[in-house]
Amino acid sequence: MKMNNLSLLFLTHLTLFFICVCSQNIAQTRFVYKWSETYCNKDTPVGCKQIPPLKFILNGFWGTDSNGNIQQGCRDPEKRDWKKVFDTAMVNKLSLFWPSLTKQDPKDMWKEAWNTYGTCTIERFKTPTQYFNRASRLDSEIGDLLQSHLINSNGIVPCDSATYNNVEILNSFKQVSNNKDVSFTCKDINATHAYLNQVTFCYTNDAKNFVDCPTSVTNKRCRVQNIIVPRPSPPKAIQTTGEKVGPNSLRRFPVNYVKLY
Ligand SMILES: *[C@@H]1O[C@H](CO)[C@@H](O)[C@H](O)[C@H]1NC(C)=O
């Protein structure tokens, strides 16, 4: 009897041990957008296969622990049927805000995002579908706001000769984040000028409500005097490929690009 109790105790401990080891404790989630022109042409150029759209696109969606560390590299307990996850509806949804600008197949990119970061949020998002749907939901809540507050209205004008200071950029983003503290990073040009690179929004662990980003993130905010939101330059591809300029060759460029030029 005594022995049985002991082994029961032992088993309970063993089980608890495994539960602790295997499940990640997500304290917050982060939704990170990047400015596509900086990503394609100003940071370490990555060789974008298309003209960067004049907008923020998703860089990543991940969980952090209570110390603010990004949780990554968890093991997926299940084998996923990716054909089913990335059905037409899902592909259409994700392509809107999370396109691959490089040669990488977007489905491979999304799969990588799940395998690297999504798997660590599994206590909240049980399946890739839940994870991607939540990302899509977040984008539908703030993507348009970002675009209209910052880019399309009297906000921030993407233009290589316009500069904004740290406070102006921060305040624009805070209009989107319900006034919660956000972080943004830059790609430095020199001691006084930098290109806007990424913006991070922080959420509760279920990715439903904004919270202030921790200082470990906001500390890294770019603080140069002059921040530039660069604009994609007009197409050169037409000359280099020797194609005639006409309605057909224009059709290859993203719609919002054509509209703006
Ligand atoms: C820093 O870069 C900006 C933008 O390219 C430029 O206008 C400025 O003159 C540069 N400043 C110095 C000190 O080189």
Side-chain angles (χ1 to χ4, degrees), residues 30-62 70 96-104 109 113 138-139 142-177 180-202 213 215-237 240 253-261:
R30 287 186 201 156
F31 202 61
V32 183
Y33 282 104
K34 62 189 170 205
W35 183 249
S36 46
E37 171 64 9
T38 304
Y39 168 76
C40 286
N41 295 317
K42 308 295 193 219
D43 204 352
T44 313
V46 289
C48 290
K49 69 175 187 325
Q50 54 165 307
I51 292 170
L54 195 62
K55 62 187 268 187
F56 288 95
I57 64 171
L58 194 68
N59 186 55
F61 173 40
W62 45 69
I70 297 169
L96 287 176
F97 66 97
W98 201 351
S100 166
L101 298 176
T102 63
K103 289 196 189 75
Q104 189 181 22
M109 183 183 74
L138 291 180
D139 179 76
I142 64 173
D144 286 349
L145 275 179
L146 259 181
Q147 204 66 13
S148 58
H149 274 314
L150 263 80
I151 305 303
N152 296 342
S153 69
N154 50 4
I156 306 292
V157 179
C159 168
D160 284 34
S161 56
T163 60
Y164 300 90
N165 66 34
N166 187 283
V167 175
E168 288 169 321
I169 299 272
L170 180 62
N171 287 344
S172 312
F173 285 136
K174 280 177 137 185
Q175 289 183 50
V176 175
S177 67
K180 296 295 183 201
D181 210 1
V182 304
S183 180
F184 52 92
T185 58
C186 282
K187 173 68 193 165
D188 285 341
I189 302 171
N190 54 37
T192 53
H193 288 67
Y195 294 115
L196 184 64
N197 193 18
Q198 297 186 350
V199 54
T200 299
F201 294 94
C202 298
C213 287
T215 47
S216 58
V217 186
T218 53
N219 274 345
K220 297 190 189 117
R221 191 184 294 153
C222 68
R223 298 180 191 280
V224 292
Q225 270 307 307
N226 305 283
I227 299 169
I228 296 170
V229 185
R231 189 184 193 93
S233 38
K236 292 197 182 77
T240 53
F253 298 110
V255 175
N256 57 1
Y257 181 85
V258 173
K259 261 198 296 198
L260 278 149
Y261 285 94

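- Every side chain to side chain donor-acceptor pair (under 3.5 Å) that Gln104 has, sequence neighbours left out, goes to Glu112.
- No donor-acceptor pair under 3.5 Å is formed between the side chain of Ser183 and the backbone N or O of Thr200.
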Item to complete: Determine, stepwise, if the pair Trp98 / Met109 fulfils side chain to side chain contact (heavy atoms under 4.5 Å, CB included).
Response: CA-CA 9 Å; Trp98 201 351; Met109 183 183 74; 3.5 Å; yes
Worksheet entry | Steps toward side chain to side chain contact (heavy atoms under 4.5 Å, CB included) verdict (Leu170, Val182) | CA-CA 7 Å; Leu170 180 62; Val182 304; 3.8 Å; yes
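- Side chains of Ile189 and Val224 form no contact here, defined as non-hydrogen atoms less than 4.5 Å apart.
- Rounding to the nearest 0.5 Å gives a distance of 10.0 Å between OG of Ser161 and CZ of Arg231.
- Residue Asp43 holds its CG atom at 11.5 Å from CD of Glu37, rounded to the nearest 0.5 Å.
- Listed here is the closest heavy atom pair of Thr163 and Asn226: OG1-OD1, 3.6 Å.
- Residues Val176 and Phe201 are in side-chain contact: their nearest non-hydrogen atoms beyond the backbone lie under 4.5 Å apart.
- Here the side chains of Phe184 and Ile227 are in contact, with some heavy-atom distance below 4.5 Å.
- Remark: Asp181 engages Arg221 in a salt bridge (charged side-chain N to carboxylate O under 4.0 Å, His left out) (not counting sequence neighbours).
- With values rounded to the nearest 0.5 angstrom, Lys49 atom NZ is found 9.5 Å from Cys40 atom SG.
- In this structure, Leu146 CG and Trp35 CH2 are separated by 9.5 Å, a value rounded to the nearest 0.5 Å.
- Smallest separation of non-hydrogen atoms from Pro53 and Ser36: O-OG, 2.5 Å.
- Side chains of Ile156 and Ile169 form a contact here, defined as non-hydrogen atoms less than 4.5 Å apart.
- Between Cys159 and Ile228, the shortest heavy-atom contact is O-CG2, 3.6 Å.
- Taking all atoms of both residues into account, the shortest heavy-atom contact from Lys187 to Lys42 is CG-O, 3.6 Å.
- Within the 4.5 Å cutoff, no side-chain heavy atoms of Phe56 are placed close to those of Ile142.
- For the pair Pro158 and Leu54, the tightest heavy-atom approach, listed with the atom from each and the gap, is CB-CD1, 4.0 Å.
- A donor-acceptor contact under 3.5 angstrom links the side chains of Asp139 and Tyr33, judged on distance only.
- Considering every non-hydrogen atom in both Phe173 and Leu196, the closest pair reads CZ-CD2, 4.1 Å.
- Ring geometry for Phe61 against Phe31 counts as perpendicular: the plane angle is over 60°, on a 0 to 90° scale with 30° as the lower cut.
- Among residues two or more places apart in sequence or in another chain, the salt bridge (charged side-chain N to carboxylate O under 4.0 Å, His left out) test is passed with Lys34 by none.
- Going from atom CZ of Arg223 over to atom CG of Asn165 covers 12.5 Å, rounded to the nearest 0.5 Å.
- The side-chain heavy atoms of Cys222 and Asp188, taken from C-beta on, include no pair separated by under 4.5 Å.
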Discussion item. As a quick check of understanding, evaluate side chain to side chain contact (heavy atoms under 4.5 Å, CB included) for Asn41 and Tyr195, giving each step before the final call.
Written reply: CA-CA 11 Å; Asn41 295 317; Tyr195 294 115; over 6 Å; no
Practice prompt. Might you work through the side chain to side chain contact (heavy atoms under 4.5 Å, CB included) test for Gln175 and Leu145, ending with a clear yes or no?
Written response: CA-CA 8 Å; Gln175 289 183 50; Leu145 275 179; over 6 Å; no
